[in-house]
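What follows is a single structure, written as structure tokens, with notes after it.
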Amino acid sequence: MGRGRVQLKRIENKINRQVTFSKRRSGLLKKANEISILCDAEVALIVFSTKGKLCEYATDACMERILERYERYSYAERQLNATDLETQGSWTLEHAKLKSRIEVLQRNQKHLMGEDLDSLSLKELQNLEHQLDSALKHIRSKKNQLMYESISELQKKDKALQEQNTSLAKKVKEKEKQLVEQAQREQPNPSNLSSPALPAVNASWKCKKILEDGFNNKVSEKQ
């Protein structure tokens, strides 16, 4: 069977206790030295025996510097813990205040919605009615303002569209006028059309005259 777990308790026998102290002290000092060398750590070890004898070990034999550093760290740690506790208490108080305020706001919201009115007195109901009337007036005023702004904006858009329509109609009329003038410039002149036809009419008349004269001469010869 394996060795059972040894229960740690005070050694009653003084001799055995002193022997164990000496052995464990030597092993503890050795372990402190090893960890300081292997891990490059600053180690300070203080042990007082039952009789009050001091045994100590410090890295590079600089116990005062290590203790001073320990004091600074401990002070900073205590200050941080105190601040954390103070902050935690402040946040706890703030949380309680916010929770209470939320409950009040939720209750007021229900009252404004017409719910849970049984617990209200006549004066509280009158105040609630006054609040609703004021809120309704404010809502109507805001609605009328938005409607007026919307109508004004539509009127501005209508005026802009009318001006745009007038401008487009003017441009269309100018374009039609330009097309009419261009068509008139491209249309042939009647005086130019009748001039070339005169020589052709004269030539036809002369031919007709010659034929008539020749016919008359032949008739005269036969007679």
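Here the structure is a predicted model, which is why all the values come from computation and not from measurement.
- Residue T20 comes nearest to I11 through the heavy atom pair OG1-CD1, 3.5 Å, listed as atom of the first residue, atom of the second, then distance.
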Side chains of residues 155-173: which donor-acceptor partners sit under 3.5 Å, not counting sequence neighbours?
residue	atom	partner	partner atom	Å
D158	OD2	Q162	NE2	3.1
T166	OG1	Q162	O	3.0

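- Counting non-hydrogen atoms of other residues, nucleotides and ligands closer than 6.0 Å to CZ of R72 gives a total above 12.
- In this structure a side-chain-to-backbone donor-acceptor pair under 3.5 Å is present from S74 to Y70.
- Sparse packing is recorded around CD1 of I35, with 12 or fewer heavy atoms of other residues, nucleotides or ligands lying under 6.0 Å away.
- Between the side chain of S150 and the main chain of L146, no donor-acceptor pair closer than 3.5 Å is present.
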Inset, instruction - For side chain to side chain contact (heavy atoms under 4.5 Å, CB included), just list the numbers for M113 and K110, CA-CA rounded to whole Å, side-chain angles, deciding distance to a tenth of an Å, and then say yes or no. - result: CA-CA 5 Å; M113 296 297 294; K110 289 182 178 180; 5.7 Å; no
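- Within a 6.0 Å radius of CZ in R24, no more than 12 heavy atoms belonging to other residues, nucleotides or ligands are found.
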Using atom types as modelled, flag every donor-acceptor pair under 3.5 Å from a side chain in residues 121-144 to any protein atom, sequence neighbours excluded.
residue	atom	partner	partner atom	Å
S121	OG	E124	N	3.4
E124	OE1	S121	N	3.0
N127	ND2	K123	O	3.3
S134	OG	H130	O	3.0
N144	ND2	R140	O	3.2

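- Atom CD of Q109 sits in a sparse spot, with 12 or fewer heavy atoms from other residues, nucleotides or ligands closer than 6.0 Å.
- Heavy atoms from other residues, nucleotides or ligands lying under 6.0 Å from CG of N16 number more than 12.
- Scanning all heavy atoms of the two residues, the minimum distance from M63 to I46 falls at CE-CG1, 4.0 Å.
- Here the closest non-hydrogen pair linking N13 and I15 is OD1-N, 3.0 Å.
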Legend entry - Pair I37-E34, side chain to side chain contact (heavy atoms under 4.5 Å, CB included): steps then yes or no: CA-CA 5 Å; I37 295 173; E34 290 176 354; 6.0 Å; no
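- Salt-bridge check for R10 with E12: passed, with a basic side-chain N closer than 4.0 Å to an acidic carboxylate O.
- Smallest separation of non-hydrogen atoms from N33 and S36: O-OG, 2.6 Å.
- Under the 4.5 Å side-chain contact rule for hydrophobic residues, L67 and F48 share a cluster.
- Note: E153 CD to Y148 OH = 12.0 Å, rounded to the nearest 0.5 Å.
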Inset, instruction - Start with the C-alpha distance between V47 and L45, add both sets of side-chain angles, then the distance that settles side chain to side chain contact (heavy atoms under 4.5 Å, CB included), and finish with yes or no. - result: CA-CA 7 Å; V47 180; L45 175 62; 4.0 Å; yes
